Amino acid sequence: MFQRVKGSYDIVPNSEERWKESGAWQYFEAKARLLSSIYGFQEIRTPIFEHTELFVRGIGEADAVTKEMYTFLDKGERSLSLRPELTASIVRAFIENSLQNKECDRFFYMGPCFRYDRMQKGRYRQFHQFGVELFGPKDPYLDVETIYFLLQLYKSLGLSKISLKINSIGDKEIREEFGKALQSYFAPFAKELSPDSQRRLITNPLRILDSKEECDQAFAKNAPAIAEFLTPYRRTFFEDVLKGLTGLNIPYVIDPTLVRGLDYYCDTVFEVISTSDTGAQNALGGGGRYDGLMKILGGPDLPGFGFATGIERILQSMITENSLPEETDGPTYYFIPLSPASKELSFSLMTSLRDQGKSALLNAKNYNLKKGLALGSNLHAKYAVLIGDEEIGSQIVTVKCLATREEKKVRIDDFLGILV
Ligand code: HAM
């Protein structure tokens with residue numbers, strides 16, 4: 001028997017785990033699409049694979065690229081990679097399709113991403129992101145609006161146990177200066193840091209700050225803060241973002257250790273964590289500003305801002321917070337033929353209903369009334385239509401409402417006309 005690849009999973013109806021049920025995904029997708037249209041976001045769909053160079057240049061030294069990317073040579077010897085995230089792809093698509101010449105500068109996307117990561121709850125090798133990217137003026141209002149959008153999305157999904165963490169990480173030069181200060185600060189305890197952080201101390205000292213290892217966190221707590229290195233312009237920009245959040249009554253926590261894993265960020269960065277889930281993978285979503293990325297990828301020098309949120313983690317949090325509605329959508333009519341002869345009539349009535357745009361299904365498994373009614377209920381059907389030999393003779397069928405158990409006799413001649 002074949003099995004799916006480790007770190008992936010199937011989304012099916014009636015899954016044993018509710019977050020893997022297709023109905024739950026459709027529920028999320030409908031909410032995300034609705035809110036996107038309210039905020040004027042238009043959809044972009046990009047290929048699942050791209051030239052490896054796009055991610056190397058766009059995302060840089062991040063683990064998602066250097067350690068976790070699914071990279072392979074195709075038959076034409078091109079190095080391709082499965083996308084570890086979508087920001088670089090969306091920027092590429094924006095440039096390649098000359099979208100800067102069109103009116104729309106705000107986009108949303110949904111789809112699978114791939115990271116060869118250590119597996120655990122909330123962390124998969126194929127996972128799904130919903131995200132938005134905005135290209136346009138560098139304006140603190142844009143940061144505020146986008147963060148608010150994400151919080152409204154969580155709210156519309158019934159998630160209340162969440163916390164917004166925010167920071168400003170300046171630009172590349174500021175981070176270099178800050179990195180040097182961190183190297184001097186951590187140097188005396190270098191041997192006590194985790195092996196990963198000992199490596200980061202040389203390659204990317206900022207990443208020590210967001211290490212999940214306790215031994216690193218103990219030292220990171222008292223490390224210098226990047227805020228001390230921000231220029232007055234960047235500090236004011238950040239203060240304006242915070243003011244905008246306060247104006248919308250959005251609670252936030254300034255977290256000086258929040259640096260985010262991807263190289264393209266500058267100024268505002270943020271993360272929303274689930275406080276109902278105390279596990280290590282509690283980041284529901286995150287994002288920030290990335291003003292230089294479009295230029296690095298060969299496009300116009302347009303600032304960018306966006307976020308992505310993991311759909312698996314959202315659905316899991318909805319289950320913890322009990323906000324995922326029960327599946328109630330089934331066919332409107334469920335035909336239960338009680339004999340082989342009545343199956344023919346049931347089939348033809350079902351087909352006529354479908355032709356009229358009504359949803360209808362037929363019990364083709366048996367001719368048993370009790371089993372048929374149980375199947376109809378399990379499918380969340382609204383009405384059962386019972387047809388036996390007697391009904392063929394009398395030309396009258398029984399229509400039973402499965403919720404109230406009320407029954408109505410209806411003449412077959414009238415049947416198609418009277419149904420709602
Ligand atoms: P990210 O923080 O790497 O950001 O990922 C965003 C979200 O994707 C995470 O908060 C988490 O919910 C989910 N996620 C990441 N890795 C996994 C995994 N292995 N399994 C399950 N869920 C995962 C980005 O990807 C940026 N592109 C966000 C962004 C957009 N910044 C600006 N625009």
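Nothing fancy with the numbering, it's 1 onward along the sequence. Numbering of ligands and ligand atoms starts at 1, following listing order. All values derive from a computational prediction rather than experimental measurement.
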Could you list which atoms of ligand 1 come closer than 4.0 Å to a heavy atom of [X]?
| X | answer |
| --- | --- |
| R260 | 1 (P), 2 (O), 4 (O), 28 (C) |
| G285 | 10 (O) |
| G287 | 31 (N) |
| E133 | 30 (C), 32 (C), 33 (N) |
| Y109 | 30 (C) |

Heavy atom of the protein closest to [atom] (residue, atom name, distance):
| atom | value |
| --- | --- |
| atom 23 (C) of ligand 1 | F127 CD1, 3.3 Å |
| atom 26 (C) of ligand 1 | Y264 OH, 3.3 Å |
| atom 21 (C) of ligand 1 | G122 O, 3.2 Å |
| atom 13 (C) of ligand 1 | G310 CA, 3.7 Å |
| atom 11 (C) of ligand 1 | R313 NH1, 3.4 Å |
| atom 27 (N) of ligand 1 | E85 OE1, 2.5 Å |
| atom 32 (C) of ligand 1 | G306 O, 3.3 Å |
| atom 25 (O) of ligand 1 | Q129 NE2, 3.0 Å |

Next item on the list: May I ask you to decide whether E177 forms a salt bridge with K180, counting only side-chain N to carboxylate O separations under 4.0 Å?
Entry: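 Here E177 does not pair with K180 in a salt bridge, since their nearest N and O are not under 4.0 Å apart.
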
Do other residues, nucleotides or ligands put more than 12 heavy atoms under 6.0 Å from [X] [atom1]?
| X | atom1 | result |
| --- | --- | --- |
| Y39 | OH | yes |
| F72 | CZ | yes |
| E344 | CD | no |
| Y9 | OH | yes |
| Y185 | OH | yes |

Check: Does any N/O atom on L86 come nearer than 3.5 Å to any N/O atom on ligand 1?
Finding: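 For ligand 1, there is no N or O atom that lies under 3.5 Å from one belonging to L86.
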
Notebook entry, point to check: Is any N or O atom of E312, backbone or side chain, closer than 3.5 Å to an N or O atom of ligand 1?
Noted result: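 There is no such contact.
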
Note to self: Taking 4.0 Å as the limit for heavy-atom contacts, which would you say applies to E271 with ligand 1: side chain only, backbone only, both, or neither?
What the structure shows: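 For E271, no heavy atom sits under 4.0 Å from ligand 1.
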
Item checked: Nearest candidate to atom 31 (N) of ligand 1, where distance is taken over non-hydrogen atoms, out of Y290, Y124, Y265 ->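 Heavy atom nearest to atom 31 (N) of ligand 1 belongs to Y265.
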
Checklist line | Closest to atom 30 (C) of ligand 1 among L284, L293, T87, D63 (heavy-atom distance) | finding: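 Looking at heavy atoms only, T87 sits closest to atom 30 (C) of ligand 1.
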
Next item on the list: State, yes or no, whether a side-chain contact exists between E85 and Q129 at a heavy-atom distance under 4.5 Å.
Entry: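 The answer is yes; the side chains approach within 4.5 Å.
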
Donor-acceptor pairs are to be reported for all side-chain atoms of residues 221-228 against protein atoms at under 3.5 Å, with residues two or more places apart or in another chain.
none

Next item on the list: Any pair with a residue in residues 230-250 that passes ring pair (Phe, Tyr, Trp, His ring centres under 6.0 Å), sequence neighbours left out, goes on the list, sorted by first then second residue, please.
Entry: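 Every pair satisfying ring pair (Phe, Tyr, Trp, His ring centres under 6.0 Å) with a residue in residues 230-250: there are none.
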
Margin query: Under 6.0 Å from the ring centre and within 45 degrees of the ring axis: does the NZ or CZ of R289 meet both conditions for the six-membered ring of F305?
Written below: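 R289 over F305 ring: no.
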
Check: Would you find a donor on one side and an acceptor on the other, under 3.5 Å apart, between the side chain of R260 and the backbone of Y265?
Finding: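 Not a single qualifying donor-acceptor pair exists.
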
